[in-house]
> 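Sharing a structure below in structure tokens format, with a few things to ask.
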Amino acid sequence: MDLDSVIETAATKAASAQDLAALDLVDSEMLGRQSVIAEARRQLGKMAPVDRPMAGARLNEITAAVTAVLKSRRTELEHLEADRLLSDDRVDVTLEAWKGGQGTEHLIGQTIQEICDIFVGLGYRVAEGPEAELGWYNFDALNTPPTHPARLESDTLYLDYGDPADEILLRTHTSPMQARYMETHDPPVYVVVPGKVYRNEATDASHLPVFHQIEGLAVDEGITMSDLKGTLAHFAREYLGPRTKVQLRPDFFPFTEPSAQLLVSCFNCDGEDPGCRVCGGSGWFEVLGCGMVDPNVLTAVGYDPGRLTGFAFGMGVERLAMVRHGITHIRHFVENDLRVLEQFRA
Ligand code: DAH
């Protein structure tokens, strides 16, 4: 490259530099220590003194021209770069915002809330109790002697097993709160108790080792079995629909006498579908256990069974939610599959 063509070469190379890094290379090639211009400047010293001023002036002109060419390309590339950054970073304000992530209360929580509300509407209070319970409250205070089969290690999850007087266990029902509540409250008592219960049980379509119950207890002067039936009929109509009919069928529980199970008419098929998922074609399905509080239970907590009577009931929350919402396997409550949970927004 001779000195005459340096400006033209600089212009061509600058124009083909596509970014600032490439232009930096052109810059050092054209003006750096290895450049034709730098070499020419070194040669100036060897020239005859008379020739130096003209050659020097010409060299300065060329250097200025090359510098100007590079500078103008630099400005151009800087603008292009700024435009590119702007368009890369562009925010599309018309894009729809992310709307996910809004949670909802689990169906079991919603069901507990709804059922407790029905009883609160009748003047009941809501109480909760411990899940790790003394054998005394889970069994003895509820008229269930140490020889009762439910007390076997195979049925109950014990934290401390052996001497019946000191047993500690995971409560197998919410009924121990009957005794705890009466011990700490004077009559009259109207209370519902929701909570988790535990059983040494294998999982199938309708059983889990951990599930939820709601206990109910009413103790007052003059309470009869018709109060029990009227109260539970009201509950059934509120929760399952106003056309629901109820039926009490004799049963046995150690802590109620007499004891019964509450059956309700099938809201799903009205008894017309022999293969009904809810009633199996019988037209009725069982929703809870209940009965008149055994006088022995009142005595165990220091209440006077000569003056007071009462009724109690206990229901399984999962079972009720399953029949009402058409859920066919109990595992859907614990698998946390969003496709299931999202169907039950509060
Ligand atoms: N605790 C019983 C169970 O888990 C249910 C029950 C039956 C509760 C009768 C009651 C009752 O309060 O009176 O199977």
Side-chain angles (χ1 to χ4, degrees), residues 112 115-116 119 124-131 133-145 148-152 155-157 169-183 189-201 206-220 223-233 235-236 246-264 285-298 300-301 303 305 308-320 330:
I112 287 173
I115 293 173
C116 287
F119 287 96
Y124 283 63
R125 301 212 173 175
V126 181
E128 284 180 301
E131 291 168 22
E133 185 55 283
L134 299 173
W136 164 261
Y137 288 108
N138 200 83
F139 296 125
D140 303 271
L142 297 176
N143 201 35
T144 310
H148 194 281
R151 293 186 81 141
L152 291 175
D155 290 339
T156 296
L157 295 160
L169 45 79
L170 294 174
R171 66 178 178 191
T172 58
H173 49 181
T174 42
S175 304
M177 265 304 278
Q178 291 188 25
R180 282 185 177 276
Y181 196 85
M182 286 191 281
E183 267 184 3
V189 161
Y190 292 88
V191 68
V192 283
V193 182
K196 276 197 183 70
V197 300
Y198 300 81
R199 289 186 193 175
N200 188 12
E201 200 149 46
S206 56
H207 294 88
L208 288 173
V210 184
F211 58 104
H212 297 78
Q213 286 187 336
I214 298 176
E215 191 79 11
L217 177 69
V219 178
D220 205 340
I223 292 206
T224 69
M225 201 144 181
S226 54
D227 297 314
L228 165 64
K229 191 171 181 184
T231 302
L232 294 179
F235 155 70
V246 299
Q247 199 187 105
L248 288 175
R249 240 178 237 177
D251 201 339
F252 174 79
F253 299 99
F255 38 93
T256 42
E257 184 59 38
S259 302
Q261 42 176 277
L262 180 80
L263 292 101
V264 299
F285 69 94
E286 190 201 325
V287 290
L288 52 77
C290 59
M292 300 306 290
V293 179
D294 193 301
N296 290 342
V297 175
L298 297 177
V301 299
Y303 275 21
L308 299 163
T309 52
F311 62 78
F313 55 88
M315 61 184 93
V317 178
E318 280 80 359
R319 176 175 162 76
L320 279 163
I330 198 168

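Counting convention: from 1, in listed order, for ligands and their atoms alike.
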> Counting only heavy atoms and a distance below 4.0 Å, can you name the residues contacting ligand 1?
His173, Ser175, Gln178, Arg199, Gln213, Glu215, Phe253, Phe255, Thr256, Gly289, Cys290, Gly291, Ala312, Phe313, Gly314
> In terms of relative ring orientation, are Tyr124 and Phe313 parallel, tilted or perpendicular, with 30° and 60° separating the classes?
tilted
> If the test is ring-ring contact (aromatic ring centres under 6.0 Å, His included), which one of Tyr198, Phe253, Phe255 qualifies with His173?
Phe255
> Taking it one step at a time, do Glu215 and Tyr181 satisfy side chain to side chain donor-acceptor pair (under 3.5 Å)?
CA-CA 11 Å; Glu215 191 79 11; Tyr181 196 85; over 6 Å; no
> Taking all non-hydrogen atoms of both residues into account, name the closest pair between Leu142 and Pro176 and its distance.
CD1-N, 3.7 Å
> Can a donor-acceptor pair be found, under 3.5 Å and without considering hydrogens, that links the side chain of Gln213 to the backbone of Gly314?
no
> To check you understand the geometry: which heavy-atom pair defines the closest contact between Pro209 and Glu201, and what is its length?
CB-O, 3.8 Å
